[in-house]
Amino acid sequence: MNHNVSAVSTQRIFPRLKEIVVVNSVTLSVAALVLFTLIVYFPVFSHQFQTHWDDQWVVINPYTENGLNSQNLWAILTEFYKGQYAPLNQLLYTILYSVFGYNPFWFHLAGIMLHLCNVLLVYFFIRRILTQSGDFTLVSITRISFFTATIMALHPLLVESVAWISASKILIYSCFYLVGLHLYLKYLSSGKVTYYLLTILFFICSFGGKEQAVTFPVCLLLVDYAVNRNLKTKQVWMEKLPLFLLAFLMGYITLLSQSADKVGLLSNSRHYPFYQNIIFASYSVTEYLVKCLIPVKLSYLYVFPNAIGEEVPKRFWIYPLLLLIMLFSFWDFWKKKWVFFGIAFFLIHIAMVLHIIPMARFAMVADRYAYLSSVGIFFLVAFFADKALNQTKHIRLVLTLIFFYSLSIGIYAHQRSKVWRNSDTLKQELKDLLEKATIPQNNPHQ
């Protein structure tokens, strides 16, 4: 008798639980994403400044210490500082110092909160763009958006951007950038000019965080494509014209900021020849793509393989050929709408750091450069996971793979965050690197 009652109770409870999950899917997803992020980055709350790895001048500087007065604010807005122009990033440091002094806890807390905001913004961005496209069921929209954001919350490739205070400009630019994308989708759904003007404003703010924001107008065209707008219409391109003009102005400001420090395209400094830049770009694309999918052997320093004037090691010549083979061999695959969306999102946001245009870069590859672009690859992983889950025959296997993939990258990210505790913890990794490779002495990116 008790057994029958238990069976009846179970039959009633599980449908009820399923109903609760469906009705509150967004709330539960947000709660889970917050929890995942905090678990991964909990060690960072006790981290110190990296006093031998850029924090000593990027964070700790006169602009930070001169406070929130009109003279200092004007200097932050109008001056280049050691080849950089990131006024909103510097403003964050100034505000934090004015309230808390040089207490690293609050600087790290700001970074973690920015990353958490970005994770949630990606979650809602994917939900909104899939919904407005009309190509997906509600179940698929829920799964793809949640899994994309989950990978972003757990992925070790993004640890550098969160755990290193000097990389906060990546977080700031991404935050404003993602808000801008949301506003643009709101503009497309409502037609209200206010949302269009706000989109431009957040584009400008994103550039105030980091120069990589100049790709924003191209990304908007990709959004148009995803929601099935006709890219041949005059309206689509007239909407983008002001943003492209702003992007060119921002690009020029970036080059000026670098030339002020005697580096970059407008300076008289030596550069790698163009054919080597193509090789470096091919290698970088491959490296970022692989690390987004299978994050192994991550490091805070990936040096150039040769100094200017030296030949590129022969093994690097394989990368341009490899990319061409992949492009033409799987052309029909890349052309599929949502595959193209994910790959294009990745390439658009990584393009500025591929060295095709000589830039003032210390390293050939850096984990932080892939922060926003990685969302395109995370989306593809989630997209194909959803497709696999729709094949009911293999649901248990797919769920098991998803669980162990998420668990493994989360554990790696949690452990990797500890590497950034202070300059001493980085020294050991640097020693290991120097045992394997020597940094070229005349490398212009040192």
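Remember, predicted model here, so these are calculated numbers, not experimental data.
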Residues Phe136, Trp338; criterion ring-ring contact (aromatic ring centres under 6.0 Å, His included); working and verdict | CA-CA 11 Å; Phe136 296 87; Trp338 291 102; 5.2 Å; yes
Any donor and acceptor pair, going by atom type alone, linking the side chain of His414 with main-chain N or O of Tyr41 inside 3.5 Å?
-> no
Short side-chain to backbone donor-acceptor contact, Trp53 and Asn422, under 3.5 Å | no
Hey, is NZ on Lys186 packed in by over 12 heavy atoms from elsewhere, all under 6.0 Å?
-> no
Atom OH of Tyr369 and atom CG of Leu157: how far apart are they, to the nearest 0.5 Å?
-> 13.0 Å
With sequence neighbours excluded, give me every salt bridge (Lys or Arg N to Asp or Glu O under 4.0 Å) pair touching residues 321-350.
-> Asp135-Lys337, Asp332-Lys335
Do Thr148 and Phe383 have side-chain heavy atoms sitting under 4.5 Å apart?
-> no
Kindly indicate whether the side chain of Phe207, heavy atoms from C-beta on, has any atom under 4.5 Å from the side chain of Phe176.
-> no
What is the minimum heavy-atom distance between Ser406 and Leu154, and which atoms define it?
-> O-CD1, 3.5 Å
Hey, are Asn118 and Ser174 close enough side-chain-wise for a donor-acceptor pair under 3.5 Å?
-> no
Looking only at non-hydrogen atoms, find the nearest pair between Leu121 and Cys175 and report the distance.
-> CD1-O, 3.8 Å
Are Phe203 and Met250 side-chain neighbours, meaning at least one heavy-atom pair lies under 4.5 Å?
-> yes
Side chains of Phe146 and Leu33: does their closest heavy-atom pair fall under 4.5 Å?
-> yes
Determine the minimum heavy-atom distance between Ala86 and Lys169, stating which atoms define it.
-> CB-CD, 4.4 Å
May I ask you to test the Ile348-Ser373 pair for a side-chain heavy-atom distance under 4.5 Å?
-> no
Sub-4.5 Å side-chain heavy-atom contact between Phe379 and Phe346 | no
List the steps, then state whether side-chain contact (heavy atoms from CB on, under 4.5 Å) holds for Ser374 with Met152.
-> CA-CA 8 Å; Ser374 63; Met152 185 177 185; 5.8 Å; no
Between Trp420 (side chain) and Val159 (backbone), is there a donor-acceptor pair under 3.5 Å?
-> no
Checking ring-ring contact (aromatic ring centres under 6.0 Å, His included) for the pair Tyr300/Trp164: CA distance, chi angles, key distance, verdict?
-> CA-CA 10 Å; Tyr300 75 100; Trp164 186 24; 8.1 Å; no
Does Phe105 have its ring centroid less than 6.0 Å away from the ring centroid of Phe100?
-> no
Backbone N or O of Ser133 within a donor-acceptor pair of the Asn228 side chain at under 3.5 Å?
-> yes
Nearest 0.5 Å please: distance from the CG atom of Leu231 over to the OG1 atom of Thr233.
-> 7.5 Å
Should Leu246 and Phe216 be marked as a side-chain contact (heavy atoms from CB on, under 4.5 Å) after you check the CA-CA gap, both sets of side-chain angles, and the distance that decides it?
-> CA-CA 10 Å; Leu246 279 172; Phe216 189 72; over 6 Å; no
Check: Asn89/Tyr173 side-chain N/O donor and acceptor closer than 3.5 Å = no
With distance as the sole criterion, is a donor-acceptor pair present between the side chains of Tyr102 and Glu65 under 3.5 Å?
-> yes
Whether Asp55 side chain and Ser166 backbone form a donor-acceptor pair below 3.5 Å = yes
For the residue pair Asn61 and Gln90, confirm or rule out a side-chain donor-acceptor distance under 3.5 Å.
-> yes
Would you check if there is a donor-acceptor pair between the side chains of Asn306 and Tyr272 at a distance under 3.5 Å?
-> no
Mind checking whether Gln212 and Tyr177 have side chains closer than 4.5 Å, heavy atoms only?
-> no
Looking only at atom types and distance, does a side-chain atom of Lys291 sit under 3.5 Å from a main-chain N or O of Val296, one as donor and one as acceptor?
-> yes
Go through the side-chain N and O atoms of Ser168 and Tyr93 and say whether any donor and acceptor fall under 3.5 Å apart.
-> yes
Side-chain donor-acceptor pair present, Tyr319, Glu287, cut-off under 3.5 Å = no
Do Glu160 and Tyr371 have side-chain N/O donor and acceptor atoms under 3.5 Å apart?
-> no
His108 side chain to Gln48 main-chain N or O, any donor-acceptor pair under 3.5 Å?
-> yes
Is the side chain of His155 donor-acceptor paired with the backbone N or O of Cys292 at a distance under 3.5 Å, no angle test?
-> yes
Check: Val44 main-chain N/O paired with Ser417 side-chain donor or acceptor under 3.5 Å | no
side-chain hydrogen bond (donor to acceptor under 3.5 Å, both in side chains) between Glu79 and Tyr63: does it pass, once the steps are laid out?
-> CA-CA 10 Å; Glu79 294 179 3; Tyr63 296 103; 2.5 Å; yes
Measure from the side-chain N and O atoms of Tyr288 to the backbone N and O of Ala366, and report whether any donor-acceptor pair falls under 3.5 Å.
-> yes
Check the angle between the aromatic planes of Phe330 and Trp334 and answer parallel, tilted or perpendicular using the 30° and 60° thresholds.
-> perpendicular
Any idea which heavy atoms bring Asn230 and Val236 closest together, and the distance?
-> O-CG2, 3.4 Å
Please examine the side chains of Ile377 and Phe345, heavy atoms only from C-beta on, and report whether any two atoms are closer than 4.5 Å.
-> no
Step-by-step ring-ring contact (aromatic ring centres under 6.0 Å, His included) determination, Tyr225 to Phe340 | CA-CA 10 Å; Tyr225 166 79; Phe340 176 80; 5.3 Å; yes
Do we see a donor-acceptor contact under 3.5 Å between the side chains of Ser257 and Tyr81?
-> no
Is the number of heavy atoms from other residues, nucleotides or ligands under 6.0 Å of Ile294 CD1 greater than 12?
-> no
